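As the structure is a computational prediction, the values presented were derived from the model and not from experiment.
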Amino acid sequence: MIKVKKEGILLEKTALDFENDGVLNPGIIKEGNTVHMFYRAVTTGNFSTIGYCELEGPLKVKKRWEMPIISVSESYESHGVEDPRIVEIDGTYYLTYVAFDGVNALGALATSTDLMHFEKKGLIVPQLALDEFKALVCSFPELNPKYIRYARHFKQEEKVYMWDKDVIFFPRKINGKFHLLHRIHPGIQIVSVTNLEDLTKEFWDNYFTDLPKHIVLDPIHELHESSYIGGGCPPIETEDGWLLIYHGVHDTTQGFVYSACAALLDLNDPQKEIARLPDELFKPDLKWELKGVTDNVVFPTGTALFDDTLYIYYGAADKYIACASVQLSELLTELKLYKK
C-alpha cells in the first residue's frame, strides 16, 4: 500500500487584481533547495495569467511576485494563459501552457534562459478544425469510441478547433529528439521531433493520418479514469522508466471527479507503457479539494524530488495550490507489481 501524505494548502488567492479569484495548477522546477513555482492566477471573470512563487525547500514560501510573470499579449490567448508546466533541457527552460481565446484551448510554448524573462514561441499544437477531426477519427475503427464522442462535445462556432491541451515536455531529449505529451480527449498522445520548428501544419497533417500509433495511454480503469485522462506532471526519469503522474476523471452523480494517477513508460521508447496503477494515487477527500470553484478536483501539474520523497504539487478544487508527498521508491515498487 502506497502511503500518500497530504501536505496541505501552499498558496491561496490574494486581494491583488490578477489573482483575486483563485490560484491553481502550478508548473514546478527544482534547483538545489529552491523550488520555482509558475502558477495559474485567476482574476474576476475567469481570465488567467501566470504568477511566480519561490519556495525554500519543498513547502516554505519564500518569495511571491505581486504581478504576473507571463500575461496575455497575443490574440490566440486573449482570454487567458493557463496551466503551465516547465522543464529544463540543455540550459533552456521550456514552459508550456494553455492559450485560451474564449473558444479554443490550445497548447503554447514560451522559453527562457533565466526563469525570469520568457519569450513566447506561439501555438505548438495542431489547429485542426473540429469537423475535420470528426471525419478523421471515424476513419479509425480501432480507436476508443470516446474520441468521436468528445469530438462532438464542442459547440459549432466559427473557427472551432479540436482542443489540444496538457502539452508537457520530457525533461531531456530521447534518441536526439524532443518528446512531448499532449492530450486530445479521452487519452494522452506523444510526439517527437528533432527541432521544434518541425511542428508545422504539414507535420501535423501527417501525424493525424496515423493517430492510433501516437496514443500513449487511453483510459482503461472503470472507476477513477472511466471518463478520460490527461497529462499531469513532466515525466520523471528513474531506473525503472519514466514515471508519469497524470490525472484521471470519472463522472458521478455529483459531477466529474479528478484524481492523481501514476504510470511507467519505457525509457528509450516512451510511447510504450510499462505499468499503471489500478487505482488512483490520491483523490479529493479533504474539504478544500471537495469544494471550490470546481468541486472534487486534485489536478497534479508539477513535482520536486528531495532525497526519496517526491512532492506532487496540484490544483485543489480550482481554487488553491496544494501539495502531497510519497516515497518514490515505494511508488515504483508498487507500480512494478502491475506491469503490462
If a pair satisfies side chain to side chain donor-acceptor pair (under 3.5 Å) and one of its residues is in residues 303-316, list it, with sequence neighbours excluded.
->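 Of all non-adjacent pairs touching residues 303-316, those that pass side chain to side chain donor-acceptor pair (under 3.5 Å) are Glu289-Tyr314, Asp308-Gln327, Asp308-Ser329, Thr309-Gln327.
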
Could you measure the distance from the [atom1] atom of [X] to the [atom2] atom of [Y]? Nearest 0.5 Å is fine.
X      : Y      : atom1 : atom2 : answer
Asn25  : Thr301 : CG    : OG1   : 5.0 Å
Gln254 : Asn296 : CD    : CG    : 7.0 Å
Phe118 : Phe38  : CZ    : CZ    : 4.0 Å

Side chain of [X], backbone of [Y]: donor and acceptor closer than 3.5 Å?
X      : Y      : answer
Asp101 : Asn104 : yes
Glu88  : Ile29  : no
Trp163 : Val103 : yes
Ser71  : Pro68  : no
Asp114 : Met116 : yes
Glu330 : Lys3   : yes
Asp269 : Asp266 : no
Ser259 : Glu280 : no
Glu334 : Leu331 : no
Lys30  : Gly32  : yes

Close side-chain approach of [X] to [Y], heavy-atom, < 4.5 Å:
X      : Y      : answer
Lys319 : Asp21  : no
Phe282 : Val298 : yes
Val326 : Ile312 : yes
Val167 : Leu106 : no
Leu244 : Ile168 : no
Asn20  : Thr44  : yes
Asp166 : Ile188 : no
Lys120 : Ile70  : yes

Between Phe299 and His247, how do the two ring planes meet: parallel, tilted or perpendicular, split at 30° and 60°?
->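 Tilted: the ring planes of Phe299 and His247 meet at 30° to 60°.
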
Is the gap between the ring centers of His185 and Tyr147 under 6.0 Å?
->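 His185 vs Tyr147: aromatic centres not under 6.0 Å.
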
Is the gap between the ring centers of His179 and Phe169 under 6.0 Å?
->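 Centroid separation for His179 and Phe169: 6.0 Å or greater.
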
Quiz: residues 223-236 side-chain donor-acceptor pairs under 3.5 angstrom, not counting sequence neighbours:
unit_1: Glu225; atom_1: OE1; unit_2: Tyr246; atom_2: OH; d: 2.8
unit_1: Glu225; atom_1: OE2; unit_2: Ile220; atom_2: N; d: 2.9
unit_1: Glu225; atom_1: OE2; unit_2: His221; atom_2: N; d: 3.3
unit_1: Glu225; atom_1: OE2; unit_2: Arg276; atom_2: NH1; d: 2.7
unit_1: Ser226; atom_1: OG; unit_2: Glu222; atom_2: O; d: 3.4
unit_1: Ser226; atom_1: OG; unit_2: Leu223; atom_2: O; d: 3.2
unit_1: Ser227; atom_1: OG; unit_2: Asp251; atom_2: N; d: 3.1
unit_1: Tyr228; atom_1: OH; unit_2: Tyr258; atom_2: OH; d: 2.6

Qualifying residues under side-chain contact (heavy atoms from CB on, under 4.5 Å), relative to Asp295, sequence neighbours excluded |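 Lys291.
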
Smallest heavy-atom separation, Leu211 atom then Phe140 atom, equals N-CZ, 3.9 Å

Cluster companions of Val42 among Ile, Leu, Val, Met, Phe, Trp, Tyr (side-chain spacing under 4.5 Å) =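 Other cluster members: Leu24.
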
Please report, to 0.1 Å, the donor-acceptor pairs under 3.5 Å made by any side chain of residues 51-58, with sequence neighbours excluded.
unit_1: Tyr52; atom_1: OH; unit_2: His36; atom_2: ND1; d: 2.7
unit_1: Tyr52; atom_1: OH; unit_2: Glu54; atom_2: OE1; d: 3.4

Can you list the residues that meet the side-chain hydrogen bond (donor to acceptor under 3.5 Å, both in side chains) rule with Thr14, with sequence neighbours excluded?
-> Glu19

Same cluster for Val257 and Leu281 if Ile/Leu/Val/Met/Phe/Trp/Tyr side chains link at under 4.5 Å?
-> no

Would a hydrophobic clustering, with Ile, Leu, Val, Met, Phe, Trp and Tyr connected at side-chain separations under 4.5 Å, put Ile86 with Leu123?
->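 Per the 4.5 Å side-chain linkage, Ile86 and Leu123 are co-clustered.
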
Can Asp164 and Arg183 be counted as an ion pair, charged N to O under 4.0 angstrom?
-> no

